[in-house]
Amino acid sequence: MIVIKGVAASPGIAIGKAYTVEPEEIVVSRVEIPPESVRQEVKRFKGAIDATFRDLDQTEAKVLKMLGKEHAKLIDTHRLILSDPLITKDVSRRIAEERVNAEFALSEALERINRAFEKIQDEFFRERRHDLFDVGKRLLSHLMKQEKKTLSGIRAPAILVARNLLPSDTLNLRESDVLGFVTDLGGKTSHTAILAQSMKIPAVVGLSDASHRIKTGDELILDGDQGLIIIHPSPEAVTKYQKARIDALKEEEALDALRGAPALTADGHKVKMMVNLDGIDELKTVAALKPDGIGLFRTEYLFLNRTSAPAEDEQTKAYLAAARAFDGLPLVIRTADIGGDRTAHLGLETSKNEQNPFLGLRGIRLFLRHSELLKTQFRAILRAAGSGKVKIMLPMVTTLREIQSARRVFQQAVQELSAEGTPVNKKVELGIMVEIPAAALTLDALLEEADFVSVGTNDLIQYLLAVDRVNEDVAHLYDPFHPAVLRVLREIVETAHKRGKTVTVCGEMASDPKAAGLLVGLGVDALSVSSRMFLRIKQIIRRMSLERTREAVQQAAAQADSDAVRRVLAALDS
Ligand code: PEP
Ligand code: MG
């Protein structure tokens, strides 16, 4: 039995036989061509480009049907690559100047672009070199008149094992044939990970040499929750995982029954349960959970992976879609929190290298520096706010002045829209994320200007404990149970309640089965949870006693370290 650890890319357990995909080797040789054949060779290359565009149209139709509009955007990326002068012009030039065959000129150009990609720091952009290979391979196969191999060789449902799965490979799969994905390459944002999540197929990626070690027909267990695979599992391991799979399915059924059930604690206290939304392609899934509203709509997805900010109309469309999906329920739209690890490439003059991006021009700081971005986003939200109960939330607020400045921009947006004759709901509330310790400690003052507060524990913990939230080397120090975290949260709740304001927590702590009850015990009024954990957290709320938890939490906050905090909380369950 061999256990290999990789990156957990899509949750779930798969047990079955492996189907290993051999990497397709395309051998390209250099052939000199006589001057009189240059034109013909360039024409042949252009013909391959046209044929590849036709392939992309077909693939796009398939993606639209299988995965929807958001994922179909991937094909646009491929079209962009295919129209890039680095491929179109450069290859034709090489054919003419070096008098070489199109295949060779193309593979040289691809190699050069690949070297440039390898130097890119940003993981998301570096991962996009797989799209480049995908397009390159399609082009080469048209030039060489080779059928691009599809994975249709799978005869029975199997766990697919590969060095790397190109987007076009995964799209050609029949869902019923695949129990899971295992790849040597790729991270959390690779296409394999994204597609596996959409297809609800368990996946582990980044396993370095798994595809060498696993042969077609080998028995495998894939644990997409822990990010590990077991090759040749012992009968005991198979029994254990089969039981875990059945238990997980039963648990899922029990959770399903909780849709629409009230989030009341066992001793009858109501907790508001909202959901976090990361993009409008999740609207259907989230609405099906029947939440009390959207506590955090992260709008960054509209700004990332593009070279200019989204226009007002494009934004309005997204916010309208969300407002309509949750008609009548609160919908908290957060202005984009760009910066930190969410690097946007919008061509802003200030997006230069920062030594400490998490302490730099991030969230409301960036949008106040470029207030036209803030105003456009306010206008777009206001235009959508006629439908539904829309509220606006500012990220990364540190000072009262930031809220006042944002309010001025907000008023400008209101005045402009009114002057243009667009009806505006002037009652749209403007609230803040409390995610910087300074904001937590001066909340009494900030509440003079902020209509509501929501605690972003992801950042609050990062800044309170001085632990970079994305640095693996200090991940063990990132601790929601540190007594300092409990004490600051208690302070936030007390301050807000004294002023008659409710407190929501929308950071991951609210989605953590071990921490959600603790937040309720601290007096938090509403939790905004990731859609994946929503029903599970509701189940926890329905089983807890608020009175008992309240006492335990006060005792926990008085402890010296997180081990002691955990012991106090564990005693609650015994
Ligand atoms: C947070 O910081 O807890 C939060 C919800 O915001 P984000 O994770 O988007 O920074
Ligand atoms: Mg945050």
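In this text, all values refer to a predicted model and were calculated from it rather than measured experimentally. When a ligand or atom number is given, it counts from 1 through the structure's own listing order.
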> Could you tell me which atoms of ligand 1, counted from 1 in the order shown, lie closer than 4.0 angstrom to a heavy atom of E435?
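Listed by number with element: 1 (C), 2 (O), 6 (O).
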
> Would one find an N or O of E508, backbone or side chain, under 3.5 Å from an N or O of ligand 1?
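By distance alone, the answer is no.
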
> Does K391 qualify as a cation-pi partner of F452, given the criterion of NZ or CZ under 6.0 Å from the six-membered ring centre and within 45 degrees of its axis?
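Yes.
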
> Hey, which atoms in ligand 1 end up nearer than 4.0 Å to a heavy atom of G456?
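Going through ligand 1 atom by atom, the ones under 4.0 Å from G456 are 1 (C), 2 (O), 3 (O).
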
> Using heavy atoms and a 4.0 Å limit, tell me yes or no: is R342 in contact with ligand 1?
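Judged by the 4.0 Å heavy-atom criterion, R342 does count as contacting ligand 1.
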
> Taking all non-hydrogen atoms of both residues into account, name the closest pair between A318 and Y301 and its distance.
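Closest pair (atom of A318, atom of Y301, distance): CB-OH, 3.6 Å.
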
> At under 4.0 Å between heavy atoms, is it the side chain or the backbone of V455 that contacts ligand 1, or both, or neither?
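No part of V455 is near ligand 1 at this cut-off.
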
> Do any heavy atoms of R362 fall under 4.0 Å from ligand 1?
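A heavy atom of R362 does come that close to ligand 1.
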
> For R306, does the CZ atom sit with more than 12 other heavy atoms under 6.0 Å from it, leaving out its own atoms?
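Yes, enclosed.
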
> Applying salt bridge (Lys or Arg N to Asp or Glu O under 4.0 Å) between E449 and each of R499, R408, R407, report the one that passes.
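Only match with E449 under salt bridge (Lys or Arg N to Asp or Glu O under 4.0 Å): R407.
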
> Could you list the atoms of ligand 1 found under 4.0 angstrom from a heavy atom of L296?
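Every atom of ligand 1 under 4.0 Å from some heavy atom of L296: 5 (C).
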
> Do you see a donor-acceptor pair shorter than 3.5 Å between the side chains of Q554 and R490?
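Side-chain D/A pair, Q554 to R490: present.
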
> Using a strict 4.0 Å cut-off to heavy atoms of M433, name the atoms of ligand 1 that fall inside it.
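Once the distances to M433 are compared, the set is 4 (C), 5 (C), 6 (O).
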
> Among side-chain atoms of S562 and D479, is any donor-acceptor pair under 3.5 angstrom?
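Yes, D479 and S562 have a side-chain donor paired with an acceptor closer than 3.5 Å.
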
> Taking heavy atoms and a distance under 4.0 Å, where does R469 meet ligand 1: side chain, backbone, both or neither?
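Looking at R469 and ligand 1, just side chain atoms fall under 4.0 Å.
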
> Considering only the protein, which heavy-atom contact is closest to atom 6 (O) of ligand 1, and what is its distance?
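Answer, as residue, atom name and distance: R334 NH1, 3.0 Å.
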
> May I have the angle between D459 OD2 and E435 OE1 with its vertex at the Mg ion (ligand 2), rounded to 10°?
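Answer comes to 100°, rounded to 10°.
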
> Are more than 12 heavy atoms from other residues, nucleotides or ligands located less than 6.0 Å from atom NZ of K501?
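Yes, the 6.0 Å shell around NZ holds more than 12 heavy atoms from other groups.
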
> Just by distance, no angles: are the side chains of S530 and E508 close enough, under 3.5 Å, to form a donor-acceptor pair?
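Result is no, nothing qualifies.
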
> If the contact criterion is a heavy-atom separation under 4.0 Å, does E300 count as touching ligand 1?
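E300 does not count as a contact of ligand 1 under the 4.0 Å cut-off.
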
> Select one of side chain, backbone, both or neither to describe which atoms of Q462 lie under 4.0 Å from any atom of ligand 1, heavy atoms only.
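Contact part for Q462 vs ligand 1: neither.
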
> If only side-chain N and O atoms count, and only distance matters, is there a donor-acceptor pair under 3.5 Å linking D525 with H497?
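Side chains of H497 and D525: pair found under 3.5 Å.
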
> Atoms of ligand 1 less than 4.0 Å from G507 heavy atoms?
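Near G507, the atoms of ligand 1 are 3 (O), 5 (C).
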
> Considering only non-hydrogen protein atoms, determine which one is nearest to atom 5 (C) of ligand 1 and report residue, atom name and distance to 0.1 Å.
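Residue, atom and distance for the closest contact: R298 NH2, 3.4 Å.
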
> Would you say the side chains of Q462 and D459 form a donor-acceptor pair under 3.5 Å?
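There is such a pair between these side chains.
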
